[in-house]
**Q** 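Have a look at the structure that comes next, please.
Lettering of chains follows the sequences in order, A, B, ..., and the numbering in each one begins at 1. Owing to the predicted nature of the structure, the values given are computational and were not obtained by experimental measurement. The basis for the numbers below is simple: all heavy atoms, side chains too, and nothing from hydrogens, waters or symmetry mates.
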Number of protein chains: 2
Amino acid sequence: MSPNDQIELRRMRRKKKSNSTMKDVADLAGVSVSTVSHVINGTRYVEDSTKDKVLSCIAELKYSPNIIAQRLNGLNLKTIGVLVSNLQGSFFHRLVSSLSTLANKNEYDLLVCDSAENTELEKRHINTLLKKGIDGLIFAPVDHKTHYTELDQRTVPFVQVDRVSDSCKSDYIGINNYLQAQLITRTLIERGCRRIGFVRTEGSRYRGERLSGYYQSCNDAGIYDEALIIRVSTDSSNEKEILEWYRKQSPVDAVICSNADICYKVLHSLDRHLTTESSTVIFSFDNNKWFDLLQFPLLSLDQPIELIGRMAFETLLSRIEGNDDPFKKIFVDCDIVNL
Amino acid sequence: MSPNDQIELRRMRRKKKSNSTMKDVADLAGVSVSTVSHVINGTRYVEDSTKDKVLSCIAELKYSPNIIAQRLNGLNLKTIGVLVSNLQGSFFHRLVSSLSTLANKNEYDLLVCDSAENTELEKRHINTLLKKGIDGLIFAPVDHKTHYTELDQRTVPFVQVDRVSDSCKSDYIGINNYLQAQLITRTLIERGCRRIGFVRTEGSRYRGERLSGYYQSCNDAGIYDEALIIRVSTDSSNEKEILEWYRKQSPVDAVICSNADICYKVLHSLDRHLTTESSTVIFSFDNNKWFDLLQFPLLSLDQPIELIGRMAFETLLSRIEGNDDPFKKIFVDCDIVNL
DNA sequence: TTGAAAGCGGTACCAT
DNA sequence: ATGGTACCGCTTTCAA
């Protein structure tokens, strides 16, 4: 076996199941690869007869360009990274599915990662996403105080959603967590609530603008009581914990839940206590279609997740296309709904 | 952000701020690229002194290999594609988040696509996923009768979940839709139900093994009535439609919903009718944590979504690693739960 | 109007 | 023990 054969063999083995390449097309059509390339991309004039020939060869070989190779030459991969802090939760589910719809429309794909409220994992994801060559990133930081060095180098544009990191500058789309929390708390106070509980997520290392807003309003009204704040972890079941807390702090006029999944936990724990002996109002920071079917005294913030998704996506797209305007923080409006 | 920062930023972006390459490292260390490559991959012996030098240069330049270039040479991208038929729904949400956890553990990333029950989109997604160089695909077909030519070429291993296509051979993980539907229907019949409705999804072009199972059991019991089947679209609201159908077909002893989101619609439409004047049992093909908090006469199938995700992921991984065993259809068990 | 060839950032074979 | 270099598939000058 000649050396050439050996090489050929190796080549076959390595690309055993590979698709046809531009060279194949060029050979078949009897033109050069550059001509093929230009036919495909319309990057320069090609005589109609050659163009036709090339086109028909492309069809014959069912050729389609290798995006990886294109990307290596600096082109867009048409992929955007989505890095959220908790994919399990319904908020990010809705966000991701809204983004996915937009991606479909714009011929992008989504590289979806879950940092699971873990800064180490988050860091790893940012690195691999960057290395995999995404064109942009939609990002919900785990922690307000992490410094995202890789992102600061801005090899790629990104926008933040839902939460903001103190240190990394970018566009932000979401509600104004602080103000909304303040507003909500005030609303409850106006309804006559005095003892207002706040359930925050255990796992999250996020500072909690929501908590600050809550604190502010309580303090203004002179009803702040630290004992009314409880941390609940996202994963484990903490029914007993919550129930105990609730009993010990009784009477609790209202409970503010930092998101719909926490709200579920609270409802589940307090279940019969809510329907019968008490008049505690439950408030959730995001809602969920299932809320409609529930029988509890429930209030919630109606975050326009679709809108957030859309604005984030569009902002990112414009950045990808080179928009260099100063960064914007866009706070979307949302209503308190009474269920 | 100051104007100066913005300018600096723009400058960096324009310069394409490319990361350092292997050549940079090689130059700095005064060795050849092959040596650097071998140091990194441990693919051949390198003297300790050189190795150290290279390593420190790598650190100094914060070099990290370009995955795209690696992939071009035939290596794994460590990315797996996930193509589901409806990302909005809670079933696939749970599946994706379970897959995401596994991906995290195995240092893979997920390219998540939604075919939105649309075969055209599905085809497009399969093509781009393949072109983007995924190492494997987890796939829930939109339609049982589409022929997936690209997949048949097996450039990449894939496993099907939740639904199976007639024509493309691969591993399958999920429940046995036909048998479970049969079982469920029979259970309802044994409970004394005679008029059993079936709500199927409008958008789906899927044949519906579930429907067949339902049909079989009804027929066996001599209680089949075509008028008891209704199609409901996933997106639009069809409350009136459902309510009308329900009234017209009254009495309806049970309603089988093809998934939890359809079930939501049904519950929403029939709301007060269920709690008061009737004793209709609602059955859902997958459940959801919110079911616990509902007050309706509800039964559901407890699909072990985590398990399905895990088996799918592990199966795919083994295929990626070259496992060549005959394809398996794995039907997971699941219980009917009474809420 | 078209072709040749130099990259892009690696891997791996061939030498030495 | 290491260096040189062809090659992966494509884009993009530069020449002709």
**Q** Could you state the atom-to-atom distance from CZ of B:Arg71 to C1' of C:dT11 in whole Å?
**A**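 Distance check: B:Arg71 CZ to C:dT11 C1' gives 14 Å.
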**Q** Would you say B:Thr35 places a side-chain N or O within less than 4.0 Å of OP1 or OP2 belonging to D:dA1?
**A** no
**Q** Below 6.0 angstrom between ring centroids: does that apply to B:Phe139 and B:Tyr148?
**A**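 Ring centres of B:Tyr148 and B:Phe139 closer than 6.0 Å.
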**Q** Hey, what do you get for CG (A:Asp162) to CD1 (A:Ile138), rounding to the nearest 0.5 Å?
**A** 12.5 Å
**Q** Does a side-chain N-to-carboxylate-O contact under 4.0 Å join A:Asp171 and A:Lys329?
**A** no
**Q** From the options D:dT11, C:dT1, D:dG3, select the nucleotide whose nearest atom is closest to the side chain of A:Tyr45.
**A**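 From the listed options, C:dT1 comes nearest.
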**Q** In whole Å, what is the span from the CG atom of A:Leu72 to the P atom of D:dT11?
**A**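 Going from A:Leu72 (CG) to D:dT11 (P), I get 11 Å.
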**Q** Tell me yes or no: between the side chains of B:Ser167 and B:His147, is some donor less than 3.5 Å from an acceptor?
**A**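 B:His147 and B:Ser167 do have a side-chain donor-acceptor pair below 3.5 Å.
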**Q** So how far off straight is the helix from C:dT1-D:dA16 to C:dT16-D:dA1, going by the axes through five pairs at either end, to 10°?
**A**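 End-to-end axis angle for the helix from C:dT1-D:dA16 to C:dT16-D:dA1: 50°, rounded to 10°.
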**Q** Enumerate the residues from residues 52-70 of chain B whose closest heavy atom to DNA chain D is under 4.0 Å, giving them by residue number; use none for an empty result.
**A**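 Within this stretch, nothing sits under 4.0 Å of the strand.
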**Q** Which distance, rounded to the nearest 0.5 Å, do you find between the CZ of A:Phe313 and the NZ of A:Lys105?
**A**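 Spacing of CZ (A:Phe313) from NZ (A:Lys105) equals 9.5 Å.
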**Q** Which atom pairs, donor and acceptor, lie under 3.5 Å between side-chain atoms of residues 29-41 of chain A and protein residues at least two apart or in another chain?
**A**
| residue | atom | partner | partner atom | Å |
| --- | --- | --- | --- | --- |
| A:Ser32 | OG | A:Ser34 | N | 3.4 |
| A:Ser32 | OG | A:Ser34 | OG | 3.0 |
| A:Ser32 | OG | A:Thr35 | N | 3.3 |
| A:Ser32 | OG | A:Thr35 | OG1 | 3.3 |
| A:Ser37 | OG | A:Asn41 | ND2 | 3.4 |
| A:His38 | ND1 | A:Ser34 | O | 3.0 |
| A:His38 | ND1 | A:Arg44 | NE | 3.3 |
| A:Asn41 | ND2 | A:Ser37 | O | 3.1 |

**Q** Which part of the nucleic acid, if any, lies within reach of B:Thr21 when heavy atoms closer than 4.0 Å are counted: base, sugar-phosphate only, or nothing?
**A** sugar-phosphate
**Q** If I take atom CG in residue B:Asp27 and atom P in nucleotide D:dG4, what distance separates them, rounded to the nearest angstrom?
**A**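 The distance from CG of B:Asp27 to P of D:dG4 comes to 11 Å, rounded to the nearest Å.
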**Q** Please tabulate, one pair per line, all N/O donor-acceptor pairs under 3.5 Å involving side-chain atoms of residues 128-135 of chain B, not counting sequence neighbours.
**A**
| residue | atom | partner | partner atom | Å |
| --- | --- | --- | --- | --- |
| B:Thr128 | OG1 | A:Asp109 | OD2 | 3.3 |
| B:Thr128 | OG1 | B:Arg124 | O | 3.4 |
| B:Thr128 | OG1 | B:His125 | O | 3.2 |
| B:Lys132 | NZ | A:Leu77 | O | 3.2 |
| B:Lys132 | NZ | A:Lys78 | O | 2.6 |
| B:Lys132 | NZ | A:Thr79 | OG1 | 2.8 |
| B:Lys132 | NZ | A:Asp109 | OD2 | 2.9 |
| B:Asp135 | OD1 | B:Arg71 | NH1 | 2.9 |
| B:Asp135 | OD1 | B:Leu77 | N | 3.1 |
| B:Asp135 | OD2 | B:Leu77 | N | 3.3 |
| B:Asp135 | OD2 | B:Lys78 | N | 2.6 |
| B:Asp135 | OD2 | B:Thr79 | N | 2.9 |

**Q** Can you tell me if B:Ser98 and B:Glu306 form a side-chain donor-acceptor pair at under 3.5 Å?
**A**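 No donor-acceptor contact under 3.5 Å links the two side chains.
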**Q** How close or far is atom P of C:dG9 from atom NZ of A:Lys131, stated in whole angstroms?
**A** 14 Å
**Q** List the steps, then state whether side-chain contact (heavy atoms from CB on, under 4.5 Å) holds for B:Ser85 with B:Arg163.
**A** CA-CA 9 Å; B:Ser85 50; B:Arg163 309 164 168 191; 3.4 Å; yes
**Q** Give the intermediate values and the outcome of side-chain contact (heavy atoms from CB on, under 4.5 Å) for residues B:Asn76 and B:Ile320.
**A** CA-CA 9 Å; B:Asn76 275 4; B:Ile320 290 175; 3.8 Å; yes
**Q** Return whichever of A:Thr50 or B:Lys23 has its heavy-atom-nearest nucleotide of DNA chain C closer to the 5' end.
**A**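 So the residue in question is A:Thr50.
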**Q** Once you round it to whole Å, what is the distance between C1' of D:dC7 and CE of A:Met22?
**A** 16 Å
**Q** Residues two or more places apart in sequence or in another chain: which of them pass salt bridge (charged side-chain N to carboxylate O under 4.0 Å, His left out) with B:Arg94?
**A**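 Residues passing salt bridge (charged side-chain N to carboxylate O under 4.0 Å, His left out) with B:Arg94: none at all.
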**Q** Restricting both atoms to N or O, compile the protein contacts to nucleotides 4-7 of chain C shorter than 3.5 Å, with distance only.
**A**
| residue | atom | partner | partner atom | Å |
| --- | --- | --- | --- | --- |
| C:dA4 | N6 | A:Ser34 | OG | 3.2 |
| C:dG7 | N2 | A:Asn73 | OD1 | 2.7 |

